[in-house]
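Written out below as structure tokens is the structure these notes cover.
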Amino acid sequence: MLGRAWALRGTAVLASAALLAGCGGAAGQRVRPVADSTAVHVVDPGTVPGLSVATRSEQDGRRHLYAAWPRIPGAERLTAALAAAADERIRPFLADTEDRTPGAVPELNVQWSLAAASGDVVGVRLVFAESAGASAGEARRTLWFDGRTGEVRPSADLLRAGDGLAGLAERVRARLGGKGDPARVTARADTFTSLAFNDVGDMVVEFSDNTVAPGSSGRIAVVLEHGDYAPLLSEFGRRAYTAATTPRPRLALHGPATPSPANSPGDTSGTAPGTTPNATVPPGRTDCSTARCIALTFDDGPGPATGRLLDTLRDARARATFFVVGTNADAHADLLRREHAEGHEIGNHTQSHRDLSRLTAVQVNSDVQRTQEIVRSATGAAPTLMRPPYGATNGTVAGVTRSLGLRQVLWSVDTNDWRDRDARIVADRAVRRARPGAVILMHDIHRTTVDAVPEILERLAAKGYTFVTVSELMANRKVPPGGRFGGN
């Protein structure tokens, strides 16, 4: 386990401050965070054709696990390397939490962002956040892909062979100041696992917790201006710099036009690009005070078969509620627009799927607000519902959601579809536990769950149920902003 007390992350705090100051811009506009020279440049994943998202998740009383990374057509070796990097953290986490002692549920969260995606270069930054009890910490790693050679490169390959690492170590030590121990900044590749660039082209050198500053809290990053580090760059490093600083990035890799639909074992489901057919007229709203209503809800998407799920719901004239994760939703605004156009409800499942009960109010606000903006940008309407990941909530979460006018939505039926990858088991569990007014929890990142939906719809319709959104279900309930609704 990574060990230290949580501290506010610089970029998260600054982004949140900007959102608090003015997130009410016109629909379709993104609010840029306050300038922070240590913030790594981020490419909009929606600009990369065919990009999909692999996810792995577990949600039970022993542990909370959520991991995600991108799949980019033509960069299959990069996908494999990212999966391997995630697995290096996941395997020991699963082993360490197999027999959990009483207390807070341990959590491992793996998030990604595109540090560059232009020409024949891709950079992907991974952040691993792990917590157990009162201790927690983060690790950071940025992997690069060279489309000319098909190689996956560590961050150290941005520097020229020979004296490149030594020169970088010397410059970082001079700028580290009191943030860490300069003696720990050695000219080794495993010291510099995360090198990227900021919005103005400076190099951002960031370190994992307990590497250059054992036992201290907070993210440590050093910024080098271009003129200082440029002489140290390798030929690939110069191309990476160009890719990260191109005003209008355009990725041109040689590879298949779309990702493989196959899933690997262990829930590495891909988020397939969605298509938006002619919008159907949403069915009329239902009065659940007289009808036998039930709400199907789907978390963590858009997922690998969300488009197929929408087809099934459309054909059955059934409405559902989708609690989307911001990183997935950002990559697939087309699916958000289709969900909205076809009469479904879109709820907020946060940006990074963190256990919100572990975070400060500023961190919770940032994570929720970012997804609000993504959904608003895609559909013109921000969510009014928020489902806390793992159902983990507390007074802090209630306070933030109340300030944002959001209601918290839990569930009354858990299909445990993440654990049982069998469509018949998922369908049987949903139908057997269904009651009028129930909120059924499923995940549209799992193909087997989507396979189960036609049977669920058929069997529950035969019992007289009408499929409605959560807001319809709770229309006759007085649930204030910040309050909780779990169905029945």
Side-chain angles (χ1 to χ4, degrees), residues 9-15 18 30-48 70 72 75 78 112-127 140-148 151-161 163-177 179 185 187 189 191-207 212 219-253 330:
R9 307 300 184 197
T11 54
V13 175
L14 290 167
R30 297 284 181 85
V31 179
R32 286 186 60 83
V34 175
D36 174 14
S37 64
T38 71
V40 173
H41 173 72
V42 176
V43 176
D44 180 354
T47 64
V48 180
I72 299 173
L78 176 61
W112 65 276
S113 60
L114 289 177
S118 189
D120 52 17
V121 174
V122 179
V124 177
R125 177 177 178 260
L126 297 176
V127 178
R140 304 162 191 89
R141 185 173 178 183
T142 302
L143 294 177
W144 294 84
F145 180 73
D146 185 347
R148 292 186 185 176
E151 294 178 285
V152 178
R153 296 180 177 272
S155 284
D157 278 10
L158 298 185
L159 307 170
R160 67 172 185 250
D163 61 349
L165 278 172
L168 182 64
E170 179 182 359
R171 287 160 173 75
V172 170
R173 282 194 292 266
R175 288 163 178 76
L176 194 59
K179 293 184 290 186
V185 182
T191 299
F192 300 104
T193 59
S194 186
L195 303 180
F197 305 92
N198 64 16
D199 284 344
V200 297
D202 298 332
M203 177 176 280
V204 179
V205 183
E206 56 181 353
F207 300 97
V212 300
R219 173 177 176 261
I220 294 179
V222 172
V223 176
L224 302 178
E225 294 182 356
H226 182 260
D228 203 13
Y229 71 80
L232 305 176
L233 292 178
S234 63
E235 183 275 335
F236 175 72
R238 291 191 292 274
R239 286 196 285 126
Y241 164 79
T242 300
T245 56
T246 298
R248 294 181 177 82
R250 182 187 177 98
L251 191 61
L253 300 177
D330 203 18

Side-chain heavy-atom pair Arg148, Glu235 within 4.5 angstrom cut-off: yes
Gap separating the CG atom of Leu232 from the CZ atom of Arg171, nearest 0.5 angstrom: 4.5 Å
Donor-acceptor contact below 3.5 Å, side chain Lys179 vs main chain Val212: no
Separation of Arg175 CZ from Asp228 CG (nearest 0.5 Å): 4.0 Å
Beyond-backbone contact of Val222 with Val185, side-chain heavy atoms, under 4.5 angstrom: no
Arg239 (side chain) donor-acceptor with Val121 (main chain) under 3.5 angstrom: no
Note, Phe236 side chain near Leu158 side chain (heavy atom, < 4.5 Å): yes
Test item: Tyr229 and Leu195 side chains (from C-beta on) under 4.5 Å apart, heavy atoms: no
Trp144 to Ala196 - nearest heavy-atom pair and separation: CZ2-CA, 4.1 Å
Value rounded to 0.5 Å, distance of CG in Leu78 from CG in Asp146: 11.5 Å
Contact check, side chains of Leu114 and Val124, non-hydrogen atoms, under 4.5 Å: yes
N/O donor-acceptor pair under 3.5 Å between Arg140 side chain and Phe207 backbone: yes
Pairwise side-chain contact, Asp157 with Glu151, heavy-atom cut-off 4.5 Å (strictly under): no
N/O donor-acceptor pair under 3.5 Å between Thr246 side chain and Thr242 backbone: yes
Reported OG-to-CG distance for the pair Ser194 and Leu143, which is rounded to 0.5 angstrom: 9.0 Å
Geometric class of the Phe197/Tyr241 ring pair [parallel <30°, tilted 30-60°, perpendicular >60°]: perpendicular
Glu225, CD atom: more than 12 neighbouring heavy atoms under 6.0 Å: no
Flag side-chain contact, heavy atom, 4.5 Å: Asp120 against Phe145: no
Side chains of Leu168 and Leu224 in contact at under 4.5 Å (non-hydrogen atoms): yes
Heavy-atom closest contact (Thr38 atom, Ala221 atom, distance): CB-CB, 4.0 Å
Heavy-atom pair with the smallest gap, counting every atom of Asn198 and Ala39: CB-O, 3.3 Å
Any donor-acceptor N/O pair, Thr193 side chain to Ser155 backbone, under 3.5 Å: no
Where Ala169 and Phe192 come nearest, the two heavy atoms and their spacing: CA-CZ, 3.8 Å
Within 6.0 Å of CZ in Arg250, more than 12 heavy atoms from elsewhere: no
Shortest non-hydrogen separation from Val223 to Ser37 and the atoms involved: CG2-O, 3.4 Å
Minimal non-hydrogen separation, Ala156 against Ala189, with atom names: CB-CB, 3.7 Å
Chi angles and distances behind the side chain to side chain contact (heavy atoms under 4.5 Å, CB included) call for Leu253, Val122: CA-CA 9 Å; Leu253 300 177; Val122 179; 4.0 Å; yes
